Amino acid sequence: RVGGDATATATTSRVSRVVVTCPTGARPIDGARALIAASGDGLAVEREDEASATVRDANGFVVEFQRGDAARRGDDGDEVTLRGVVIGNENPARARNAAIRRGALNAANGENCRGDAYAGCAVSSSACALEAKFVKTGKPWASGSSSVVRVVLCANDVDAVARKIAKTLGPAALNRRGEFKATGVTEFAAEDARAASASTFLGYPTPASVAIEVSGCDRRVGAFTVKAFHLALDEGCGVVYLS
């Protein structure tokens, strides 16, 4: 249930991959390179061809960019798009600065990004509609590099999309409105204001497991459409289809 507080059952399940389709005119490798430029050290292109390109982070999570089908893409206001990613790093400010040196745009919005402030540690891609926010991570997340902590979706109907995802994730998953606490992840530093979130967060309590954030926002030009999430489950595997 959306916003529920039910205790999750013990599990080793995790979200292992997100598959997105590119907007018309964008190549899969363009999306992969934009993600790497915005996200920091630890992410690398794993495979590429004309049809798709995959990026893997230090914890093994994969973002797959697929070539878009121009015949299928239209002005569908109900499609779910990729707003961006939340990136974990031992030093969020250093990771943000590295992303800017690679060509990402500062998206601090007047907030500070330094040792005691993470609110301003955010960038946007100069090449496509993609955002990255940096938070602090420690064990059990990979050390010395960056990892995807959350995938952030953009949806017109947050509740409907969250219910669809939760149904496939199953009872072992967490489903929270407003905040999502994960072991080893520090979202706010000492100087950061604790701002309330309208997003819904879903994911498994498995250590170092990527979560899904569903946020409400308008359709954005040039955004990547989220096609599916792949799951590595206790009993095998599964897929959450969104388009």
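Please read all numbers here as calculations on a predicted model, not as lab measurements. Here, residue 1 is the first one in the sequence, and each next residue gets the next number.
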Are any of the side-chain heavy atoms of R67 and C22 separated by less than 4.5 Å? no
Looking only at non-hydrogen atoms, find the nearest pair between T81 and V226 and report the distance. C-CG2, 3.6 Å
Any side-chain heavy atom of V151 within less than 4.5 Å of one from L82? yes
Mind running side chain to side chain contact (heavy atoms under 4.5 Å, CB included) on S243 and V80 for me, showing each step along the way? CA-CA 8 Å; S243 66; V80 180; over 6 Å; no
Within this structure, what is the OH-CG distance for the pair Y204 and L174, rounded to the nearest 0.5 Å? 10.5 Å
Begin with the C-alpha distance, continue with both residues' side-chain angles, and end with the deciding distance and a verdict on side chain to side chain donor-acceptor pair (under 3.5 Å) for T54 and E64. CA-CA 4 Å; T54 58; E64 179 178 348; over 6 Å; no
Return the CD1 to CZ distance between I36 and R102, rounded to the nearest 0.5 Å. 9.0 Å
Verify the cluster assignment for V86 and V185: are they in a single hydrophobic cluster under the rule of side-chain heavy atoms below 4.5 Å apart? yes
V62 versus S16: any side-chain heavy-atom pair under 4.5 Å? no
For the pair V239 and L231, evaluate side chain to side chain contact (heavy atoms under 4.5 Å, CB included) and give the outcome as yes or no after the intermediate values. CA-CA 6 Å; V239 182; L231 313 175; over 6 Å; no
Here the gap from D30 atom CG to C128 atom SG, rounded to the nearest 0.5 Å, amounts to 8.5 Å
Hphob cluster co-occupancy, Y118 + F201, side-chain heavy atoms under 4.5 angstrom: no
Has R94 got more than 12 heavy atoms of other residues, nucleotides or ligands less than 6.0 Å from its CZ? no
Would you say F188 has more than 12 foreign heavy atoms packed within less than 6.0 Å of its CZ? yes
What is the minimum heavy-atom distance between L202 and A162, and which atoms define it? CD2-O, 3.6 Å
Under a 4.5 Å side-chain heavy-atom rule over Ile, Leu, Val, Met, Phe, Trp and Tyr, are V19 and F224 clustered together? no
Show your reasoning for whether side chain to side chain contact (heavy atoms under 4.5 Å, CB included) applies to V135 and I87. CA-CA 6 Å; V135 297; I87 297 294; over 6 Å; no
Under 6.0 Å from the CD atom of E235, do we count more than 12 heavy atoms belonging to anything else shown? yes
When every non-hydrogen atom of A38 is compared with those of A132, the smallest separation belongs to O-CB, 3.6 Å
Please check this pair: side chain of D234 against backbone of S13, looking for a donor-acceptor N/O pair closer than 3.5 Å. yes
Please examine the side chains of F65 and V18, heavy atoms only from C-beta on, and report whether any two atoms are closer than 4.5 Å. no
Would you say the side chain of V149 lies within less than 4.5 Å of the side chain of V210, judging by non-hydrogen atoms? no
Compare every heavy atom of L130 with every heavy atom of G84, then report the nearest pair and how far apart it is. CA-CD1, 3.8 Å
How about T183 and P207: do any of their side-chain heavy atoms sit closer than 4.5 Å? no
Any chance you could measure S215, atom OG, to R83, atom CZ, to the nearest 0.5 Å? 4.5 Å
With the side chain counted from C-beta on, respond yes when V152 and E131 share a heavy-atom pair under 4.5 Å apart, and no when they do not. no
Exercise: do T206 and R14 side chains pair donor with acceptor under 3.5 Å: no
Any donor-acceptor pair under 3.5 Å from E90 side chain to G144 backbone: yes
For A108 versus G120, what's the shortest heavy-atom pair and its separation? CB-O, 3.4 Å
Can you tell me how far the OG atom of S197 sits from the CD atom of E187, to the nearest 0.5 Å? 9.0 Å
Short side-chain donor-acceptor distance under 3.5 Å, S52 and R47: yes
Between S124 and L105, is there a side-chain heavy-atom distance shorter than 4.5 Å? yes
Tell me the closest heavy-atom pair linking C121 and R114, and the distance in Å. SG-N, 4.5 Å
